[in-house]
Amino acid sequence: MIKKLILLLALVSCSSYANQSLTAQAWLVADSNGKILEGSNTTEIRSIASITKLMTAMVVLDSGQSLTEIIPKKLYNKQLTRETLIDLAIVKSDNNAAKMLCDYYPGGYKSCIEAMNAKAVSLQMNNSLFTDPTGRYHTNVSTAEDLIKLVFSASTYPLIVEASNMDAVRWSLNKKKSIEFKNTNTLVGHGYKFLVSKTGFINKAGGCIVMMLDTAQGIRTVVLLGSKNTKTRIPEAQMLSQIIR
């Protein structure tokens, strides 16, 4: 009983500290059923920056297009497969990769955006809107609560789960040289088991990140929007993931 009381007091103290120290304008932590355990401004509509790329990847995967097809347009002076473009969009948060995925979507760019918004409707993301596949525009908006639904859906795509756990995308240029694009979430590759991980930043959105992690206490989803900058978003998300541990 004493141990349980100490643990409860520790969790309350940590939660209070989070509310005082976070720069994020909206955030939440949810359990394996999507129930919100802690949160603030969870229904506030905000720009989501490159978290958008999760939706881009999902609709491309839904389309059934070949992942091994080589896309004609070059990126980094190289023709890449659709699968590699998805990896770059998730891991490096590469805007050009995300745009190319939409450009070569069945019916083209416009059809891709329409599919993204239709997917949002199907997931009952009622306060979300997608206007481009990269998240560069502040008109891509959602709420922390809507993003729980996005993350849960993304976690059912093996390729997204795989990319979320890649510390970098690498390939050889020749026998002596290789190229590496590191994951924008610096927690990846450091002992965490991710189901979904995606960062974002534009000035209008601030620092953003969504993470679904497999912890000792079960699945935990962290959504963080409007953090001060790219340096604060990850430490703040890491702190939130530990509140419930």
Side-chain angles (χ1 to χ4, degrees), residues 45-143 146-147 149-164 166 168-169 171 179 181 183-185 196-205 208-210 225:
I45 298 174
R46 299 189 58 85
S47 295
I48 61 172
S50 287
I51 293 172
T52 297
K53 294 183 176 75
L54 286 177
M55 183 63 85
T56 305
M58 285 196 294
V59 300
V60 169
L61 291 168
D62 287 345
S63 74
Q65 292 177 285
S66 171
L67 296 176
T68 58
E69 179 184 356
I70 296 174
I71 304 303
K73 186 176 180 179
K74 288 185 177 182
L75 184 59
Y76 302 109
N77 202 33
K78 188 178 178 69
Q79 288 183 321
L80 304 172
T81 65
R82 184 170 282 106
E83 180 174 356
T84 299
L85 291 177
I86 291 174
D87 288 343
L88 285 170
I90 300 297
V91 176
K92 182 182 180 290
S93 200
D94 193 290
N95 288 330
N96 289 325
K99 184 177 183 302
M100 287 168 64
L101 288 168
C102 248
D103 286 340
Y104 289 89
Y105 183 84
Y109 185 93
K110 183 179 178 181
S111 294
C112 181
I113 302 301
E114 290 173 351
M116 292 169 67
N117 284 296
K119 182 81 170 178
V121 171
S122 73
L123 295 175
Q124 297 184 340
M125 296 173 62
N126 299 322
N127 293 298
S128 301
L129 177 68
F130 297 93
T131 59
D132 85 280
T134 69
R136 286 182 294 182
Y137 302 114
H138 71 275
T139 46
N140 286 342
V141 298
S142 189
T143 68
D146 270 9
L147 290 177
K149 301 169 185 177
L150 178 70
V151 171
F152 268 68
S153 182
S155 72
T156 66
Y157 293 78
L159 190 61
I160 293 178
V161 175
E162 181 182 349
S164 294
M166 296 170 63
V169 175
W171 66 74
I179 191 167
F181 302 100
N183 198 309
T184 53
N185 181 355
V196 177
S197 168
K198 188 70 201 76
T199 63
F201 177 83
I202 56 173
N203 289 333
K204 287 277 189 178
C208 304
I209 186 170
V210 293
L225 303 173

**Item:** Test item: V196 and S155 side chains (from C-beta on) under 4.5 Å apart, heavy atoms
**Value:** yes

Donor-acceptor pairs are to be reported for all side-chain atoms of residues 122-130 against protein atoms at under 3.5 Å, with residues two or more places apart or in another chain.
unit_1: S122; atom_1: OG; unit_2: K119; atom_2: O; d: 2.7
unit_1: S128; atom_1: OG; unit_2: S142; atom_2: OG; d: 2.6
unit_1: S128; atom_1: OG; unit_2: D146; atom_2: OD2; d: 2.8

**disulfide (SG to SG under 2.5 Å): pairs with one or both residues in residues 55-125, sequence neighbours excluded** = C102-C112

**Prompt:** Within the side chain of S164, is there an N or O that forms a donor-acceptor pair under 3.5 Å with the backbone of I160?
**Reply:** yes

**Among N140, N95, T139, the one residue meeting side chain to side chain donor-acceptor pair (under 3.5 Å) with D132** = N140

**Asked** Stepwise, does the side-chain contact (heavy atoms from CB on, under 4.5 Å) test hold for W171 with T84?
**Response** CA-CA 10 Å; W171 66 74; T84 299; 3.9 Å; yes

**Request:** Could you tell me which non-hydrogen atom of G135 sits nearest to which non-hydrogen atom of T52, and how far apart they are?
**Result:** CA-OG1, 3.7 Å

**Item:** Minimal non-hydrogen separation, L54 against A154, with atom names
**Value:** CD2-CB, 4.4 Å

**Item:** Non-neighbouring partners of E162 that pass side chain to side chain contact (heavy atoms under 4.5 Å, CB included), sequence neighbours left out
**Value:** L159

**Note, K92 side chain near V169 side chain (heavy atom, < 4.5 Å)** = no

**Polar side-chain atom of S153 near backbone of L150 as donor-acceptor pair, under 3.5 Å** = no

**Message:** Checking E83 against I86 for the side-chain contact (heavy atoms from CB on, under 4.5 Å) test, could you report, in this order, the C-alpha distance in whole Å, the side-chain angles of both residues, the deciding distance, and whether it holds?
**Reply:** CA-CA 5 Å; E83 180 174 356; I86 291 174; 5.7 Å; no

**Asked** Does a donor on one side chain sit under 3.5 Å from an acceptor on the other, for S93 and K198?
**Response** yes

**Request:** Would you mind reporting whether L88 and F181 have side-chain heavy atoms less than 4.5 Å apart?
**Result:** yes

**Prompt:** What heavy-atom pair brings I71 and M100 nearest, and what distance separates the two atoms?
**Reply:** CG2-CE, 4.0 Å

**Message:** The criterion is ring pair (Phe, Tyr, Trp, His ring centres under 6.0 Å); which residues satisfy it with Y137, sequence neighbours excluded?
**Reply:** none

**Asked** Are the side chains of L67 and T81 in touch, meaning some heavy atoms are under 4.5 Å apart?
**Response** no

**Message:** Does D62 form a side-chain contact (heavy atoms from CB on, under 4.5 Å) with Y157? I'd like the steps, not just the answer.
**Reply:** CA-CA 10 Å; D62 287 345; Y157 293 78; 2.6 Å; yes

**Message:** When you compare the side chain of L85 with that of V60, does any pair of heavy atoms fall below 4.5 Å?
**Reply:** no

**Request:** Keeping to residues at least two apart or across chains, list the disulfide (SG to SG under 2.5 Å) pairs with something in residues 46-79.
**Result:** none

**Request:** Applying side-chain contact (heavy atoms from CB on, under 4.5 Å), run through D94 and L75 and close with a yes or a no.
**Result:** CA-CA 10 Å; D94 193 290; L75 184 59; 4.0 Å; yes

**Item:** Minimum heavy-atom distance P133-M116, with the two atoms named
**Value:** CA-CE, 4.0 Å

**Prompt:** Heavy-atom distance under 4.5 Å between the side chains of L101 and K53, does that happen here?
**Reply:** no

**Message:** Once ring pair (Phe, Tyr, Trp, His ring centres under 6.0 Å) is applied, what residue pairs with a partner in residues 106-129 remain, sequence neighbours excluded?
**Reply:** none

